Amino acid sequence: MSHDHAFFIALSYGVTAIAVIGTIAAIMLDHRRLKKALAAMGVTVAARDDGQHLD
Amino acid sequence: MKSPLAALFVREFAIARRIGGGGSMGVVFLLVLVTIVPFAIGPDLNLLRRIGPAILWIAALLAMLLGLDRLFQADFEDGSLDQLQLGATPLEFVVFVKCLAHWATTALPLVVAAPLFGVLMAQEAASMLGIGVSLLVGTPALTFIGAVGAAATVSLRRGGLLMALLVLPLCVPALIFGVSAATAASGGTIPFATPLAILAALTLASGALCPFAAAALLRRLGE
Amino acid sequence: MEAVDFALSDGQALILSGPNGAGKSTLLRAIAGLLPLAAGRLTLDDDSEEIAASLHYIGHAEGMKPALTVRENLDFWSSFLSRESAAAALAPQDALTAFGLAHVIDIPAGYLSAGQKRRIALARLLVAPRPIWLLDEPTTALDVRAQAALAAVMARHRAGGGIVLAATHSPVGLENAGELKLGTVA
Amino acid sequence: MLRFANPSFVLRFAARAIPIFGALAALLLAVGLYLVFFVAPADYQQGETVRIMYIHVPAAWLGMFAYMVMASAALGTLVWRHPVADAAQKSAAPLGAMFTFVCLVTGSLWGKPMWGTYWVWDARLTSMLVLLLIYLALIALWNTIEEPQRAAKAAAVMTLVGLVNIPIIKFSVDWWNTLHQPASVFKTSGPAIYGSMLWPLLIMAVGATFLFLALHLMSIRNEILRRRLDRLTRLAASANDMPRTARFEAAQ
């Protein structure tokens, strides 16, 4: 494995890992913030809102 | 209690971040322009390397104008412009701070993105640095000059195009010295510092003069 | 617009009435300094303060940014329009309570109805207090309860020595206020 | 199929499906990575850098797969007009953009040893760049139009228009590429793939697909909650006598 090949492989997998983990983190943080905001408004997240299920 | 101008800067910053994804629209517009050029000219890397800085500068200039026509229009439409004139701070300072906020939200992302997009134009590291520095120094001038155009067309329903026509000729000096500074960065006869110094002078001059012109255009805007 | 002359002292109010297009808004904007005065003078006898510093103009558009929450909007205007010499400014919370809107303080202004936006614009009077109020059609889009709240706020302002100039053609709840009829010359 | 129109049903389905897809993705990717680094042979011509192919190619597939998912959600929006389709459409765009971006970066890094520069206007990479631009434009569209229904309809039509254009773009970019470059120095269609390389590639691709499905369901759940929060905030604003002050930081 010549030196620069290893560098490019590592860089590629590194960038991919950052992109994937970043996306996962962003989505989970967004989820937590939304649940907190909904809870603050007195609505449990899984509350069945049959009334307006086609909101 | 924040000072009026600090409060204004914070408000402009918050609005830019919440609507339309802040400066990201300008960066995507820059990427689109940089991408379509090779489709027209061809993928010849040597040619693209030579004209890279010029293309990036023109694309950045157009991306800057993109957001500028809304600089005062939003305030004009929702009545904020009246109140901004009735505050204790002179309208000139208000215009200056609004330009600063617009530069921070629109131009700074461009200054970071343009060199990276230089990869598509086969630019070397030195040239990328030159492009970044020349944009950093030159974009304030574009904002200040653009603000005058924005103030002139604020009450027009679709003033964006007219504003570009008014502003682009005035931006020619900044474009010339900006591109020459960017190309000088990757070697060449002209030393990098000379065009950059003139560019800095253009920015300082427009920063000092344009707010007065823009404020004059905005003050006592008859219904 | 033909010659207009009036004088107001502390606690007084003046209603500018007349058909649409009679120049009510134009006169108010001219007093506020948003329009150049073709002729005539605007004087303030207590000359410690220049005129612009003692006026608060509320126009048709309420100057609220839809993307910002009501608190952010009012905080901005209180910082921007604040005067050291002015009486104590109310916090956004209290200013909104005076108009029965305390519950919307953390909601983006874009979510609110026209009547609520109107009341928030009027709340700006309390957040950035000035002696003289210039109100252009203050009661548009306000329901009866909101109009009562506005009348109470104006009464308190006048009791404290403030002056109110309102351009309107519907009753605005200002007792013993002078009236300046602006009619188009026959 | 109509039961999927009910957001609450989707929330419950997501709550069960996300862990399963996530676990499958993790397992497959782990096995795939092991195969890629310890089993798959180096390429006789490129040497070790061929291992970048095992993320570059799946990323390209996912970039396009995400667009197909977004386009079918767009149909859902236009034909059945139910909000879960809007959510599915809106949340597919950023994921598609992420996979396309990864494809471009890994493609550029993979090409560097051969081309000598990070970017050559190679036909397939250029087409992926245009796809990324389409994704970014759609995301900007979603960010700009505040009113959810209108944004969904506009994005749906633009997505379908884009879908029709993608093959045309692909064809014209290929034609543009051959027009200017008589013989491309090194066709990066990649080396001939032998069995021993095919398996890791397929495992990585399937693993990435499950990753996408898990992330997509999580994003759809977020969009449903965001719209519910938005609706409750409007209700709180209009209800004059709110028992509790409604706290709402801009969740956009």
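Chain A is the first sequence line, chain B the second, and so forth, proteins listed ahead of strands; every chain is numbered from 1. The basis for the numbers below is simple: all heavy atoms, side chains too, and nothing from hydrogens, waters or symmetry mates. On a predicted model such as this, the values are computed, not experimentally measured, just so you know.
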> What do the steps show when you test Asp78(B) against Met64(C) for side chain to side chain contact (heavy atoms under 4.5 Å, CB included), and what is the final call?
Replying inline: CA-CA 7 Å; Asp78(B) 67 29; Met64(C) 295 293 155; over 6 Å; no
> How far apart are the closest heavy atoms of Glu77(B) and Ala61(C), and which atoms are they?
Replying inline: O-CB, 4.1 Å
> Under the 3.5 angstrom rule, does the side chain of Gln83(B) hit a backbone N or O of Tyr57(C) as a donor-acceptor pair?
Replying inline: yes
> Does anything in residues 59-68 of chain B get under 4.5 Å of chain C by heavy atoms, and if so which residues?
Replying inline: none
> Hey, are the side chains of Phe80(C) and Thr89(B) touching, using non-hydrogen atoms and a 4.5 Å cut-off?
Replying inline: yes
> Partners of Arg124(C) by side-chain hydrogen bond (donor to acceptor under 3.5 Å, both in side chains), sequence neighbours excluded?
Replying inline: none
>> Taking side chain as everything from C-beta outward and backbone as N, CA, C, O, which of these in Ala6(B) sits under 4.5 Å from a heavy atom of chain C? Side chain, backbone, both or neither.
In response: neither
> At their closest point, which heavy atom of Leu86(B) faces which heavy atom of Arg130(C), and how far apart are they?
Replying inline: O-NH2, 3.7 Å
>> Can you tell me if Phe93(B) has over 12 outside heavy atoms packed within less than 6.0 Å of its CZ?
In response: no
>> Once ring pair (Phe, Tyr, Trp, His ring centres under 6.0 Å) is applied, do any residues pair with Phe96(B), and if so which ones, sequence neighbours excluded?
In response: Phe144(B)
> Is Asp82(B) paired with Arg29(C) through a side-chain N to carboxylate O contact shorter than 4.0 Å?
Replying inline: yes
>> Does this structure show an ion pair linking Glu72(C) with Arg18(B), if we count only N-O contacts that are shorter than 4.0 Å?
In response: yes
> For Phe99(C), which residues count as a ring pair (Phe, Tyr, Trp, His ring centres under 6.0 Å) partner, sequence neighbours excluded?
Replying inline: none
>> Distance check, rounded to the nearest 0.5 Å: Arg11(B) atom CZ versus Asp75(C) atom CG?
In response: 12.5 Å
> Which pair of heavy atoms, one from Ala7(B) and one from Ser79(C), lies closest together, and at what distance?
Replying inline: CB-CB, 3.6 Å
>> Heavy-atom cut-off 4.5 Å, strictly under: side chain, backbone, both or neither for Val10(B) against chain C?
In response: neither
